[in-house]
Amino acid sequence: MLDQKWIRGDLDDLASRLRKKGFELDAAYLSSAEQERKAAQTQMEALQSERNRSSKAIGQAKAKGEAIEPLLAEVATLGEQLEAEKAKFEAVASKLQGYLQTIPNLPDEDVPDGTDEADNALLRTWGEPKAFQFEPLDHVDLTAAGGAMDFDVAAKLSQSRFVVLRGELAQLQRALIQFMLDVHVEEHGYEEVYVPFIVNSDSLFGTGQLPKFAEDQFRIDAERELYLIPTAEVPVTNIYRDAIINGGELPLKMVCHSPCFRSEAGSYGRDTRGMIRQHQFEKVELVQLVRPEDSDNAHEALTQHAEAILQKLELPYRVVNLCGGDLGFSAAKTYDLEVWLPSQQTYREISSCSNFRDFQARRMQARMRSGNGKPELLHTLNGSGVAVGRALVAILENYQEADGQVAVPSVLQPYLGGKTQLLMRD
RNA sequence: GGAGAGAUGGCUGAGUGGUCGAAAGCGCUCCCCUGCUAAGGGAGUAUACGUUGAUAGCGUAUCGAGGGUUCGAAUCCCUCUCUCUCCGCCA
């Protein structure tokens, strides 16, 4: 959520900054609703003040043994008036609040203009796509013969967009998770955390998935408003919802492996083949809570931490600075890491590293106290470090050999009992 | 699943209808005192919103959440959530 002071400031400036993100601010509505709110609140509070004064007088009169009937008569109609004003205020305030909650975060100055991924700015490329002496298969064809990646059985068990992994592929996925966690804990100084995979609506509101993106979530209990997590970002960041952290304890750096559940509403035709876009996938997530002045540096560092994983796996990738139109709702700035997929002859997203500044912190009231000062909102950041399912796909496709075997990246070999090759077919 | 207890400020913990935003202690901040030992004394110490030039004043709200009774609710009533204890069950 944006600072409410913004809506009392220069609305034109605010509107033009939001336009970069493809959001059309209804400035006229905002300013009239804000005026209404102010008037209603002032009137309501004046009546409350009057009531408090009268009640106090009645109390004092009673204590002295004086008659209170005349005083009671004075306030006879006050209750009704107050109730009416209160109702008016609450109606106006909740309407205004509802609108404010749908306004996205402001993009940073250095976010490129643009409407979609074609306008993202390339920052750097790492590694060279491998030149194959044969026609490389995609991960589906590569694993088809051995049956280690089974979409049909998964559809029988559940529905489409799920997968069953067997044998060495299941082990490879587990190895990847273990490897990523170890690197972030041991080399990058993150604290490993384990969290609930089912969260309440307050948590989803805190990180910005609700109320606007309810259709993307798997709600598993309507009555209690419980949801499967779309990413570990939600439970991990919300650990500090409604908390005031001692400034000396920042930065907080946490890493968490979790399954992620996404309904993928509105993406029916996209990436229907293979493991690229699933309803359930594994991810290792990096989350940082930092002092506001540190968030720019933290964003660069966190991105480097995600990049380190791809570098150690020796997977070619590039880094792009998302343009305004491609930025997520809560993000002020996002770097995507895109890994090379030989079968598609293109780079595909494998990690998204974002600085949310105080946007999420305001929604969840995550604050810090430095010295004797007042509590102030901290900054939150997160990034995939990295998406496990897509990393698995990238390894299969980039490490495949002419005979249908897949070489094991050397950093993963210790996690696979020293194995150097995976046999994809018998 | 059964029975019971509870939820108050950074923490501990009083407060059962009226000058209560809330005693006291701890912690923290500032000041003072004291050359003799982790001492003593004083002052201050919640958050949000509104008003304002103002982190000054003033107003409003907040004692788990929501609703109700009342001129007036931390205190009474209802619903919900969570925590704890005992029993049962169970990875």
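Values in this document were obtained by computation on a predicted structure and should not be read as measured data. Order of the sequence lines sets the chain letters (A, B, ...), proteins ahead of strands, with each chain counted from 1.
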In terms of side-chain geometry, is the basic nitrogen of A:Arg357 or A:Asp296 positioned less than 4.0 Å from the acidic oxygen of its partner?
yes
May I ask you to decide whether A:Arg367 forms a salt bridge with A:Asp242, counting only side-chain N to carboxylate O separations under 4.0 Å?
no
Phosphate oxygens OP1/OP2 of B:G72: is one of them under 4.0 Å from a side-chain N or O of A:Asn52?
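Indeed not, no polar side-chain atom of A:Asn52 lies that close.
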Quick one: is A:Ser49 getting a side-chain N or O under 4.0 Å of the B:U60 phosphate, OP1 or OP2?
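So the side-chain polar atoms of A:Ser49 do come within 4.0 Å of the phosphate oxygens OP1 or OP2 of B:U60, strictly under.
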A:Phe359 ring center near A:Phe329 ring center (under 6.0 Å)
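Ring centroids of A:Phe359 and A:Phe329 are less than 6.0 Å from each other.
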Among B:U51, B:U60, B:C71, which nucleotide sits nearest the side chain of A:Lys38?
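Given the options B:U51, B:U60, B:C71, the side chain of A:Lys38 is closest to B:U51.
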Could you work out which one of B:U19, B:C71, B:A61 sits closest to the side chain of A:Gln48?
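Nearest to the side chain of A:Gln48 among the choices is B:A61.
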Using purine N1 to pyrimidine N3 plus N6-O4 or O6-N4 for Watson-Crick, or N1-O2 and O6-N3 for G-U wobble, each under 3.5 Å, what pairs with [N]?
N	answer
B:G53	none
B:C20	none
B:G1	B:C87

Would you mind telling me which residue lines up with the more 5' stretch of RNA chain B, A:Ser54 or A:Gln60, judged by nearest nucleotide?
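Taking each residue's closest nucleotide, the earlier one in sequence belongs to A:Gln60.
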Mapping A:Gly59 and A:Gln41 onto RNA chain B by nearest heavy atom, which one lands closer to the 5' end?
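Upstream on the strand: A:Gly59.
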Identify whether any heavy atom of A:Arg53 sits under 4.0 Å from a base atom; if not, whether one sits that close to sugar-phosphate; answer base, sugar-phosphate or nothing.
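A:Arg53: no heavy atom of the nucleic acid under 4.0 Å.
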At 4.0 Å (heavy atoms only), tell me whether A:Arg367 reaches a base, stays on the sugar-phosphate, or touches nothing.
sugar-phosphate
If I take atom CG in residue A:Asp242 and atom P in nucleotide B:G64, what distance separates them, rounded to the nearest angstrom?
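To the nearest whole Å, that distance equals 15 Å.
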To the nearest angstrom, how far is A:Arg362 atom CZ from B:A48 atom C1'?
13 Å
Whole-Å P distance, B:U69 and B:G27
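46 Å, rounded to whole Å.
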Give a yes-or-no answer on whether the side chains of A:Glu397 and A:Tyr399 include a donor-acceptor pair shorter than 3.5 Å.
no
Ignoring hydrogens and angles, answer whether the base of B:G18 and the side-chain atoms of A:Lys62 contain a donor-acceptor pair closer than 3.5 Å.
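Answer yes: a donor N or O sits under 3.5 Å from an acceptor.
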Assess whether one donor atom and one acceptor atom, taken from the side chain of A:Glu45 and the base of B:G59, lie less than 3.5 Å apart.
yes
Under 6.0 Å from the six-membered ring centre of A:Phe205 and within 45° of its axis: does the NZ or CZ of A:Arg363 meet both?
yes
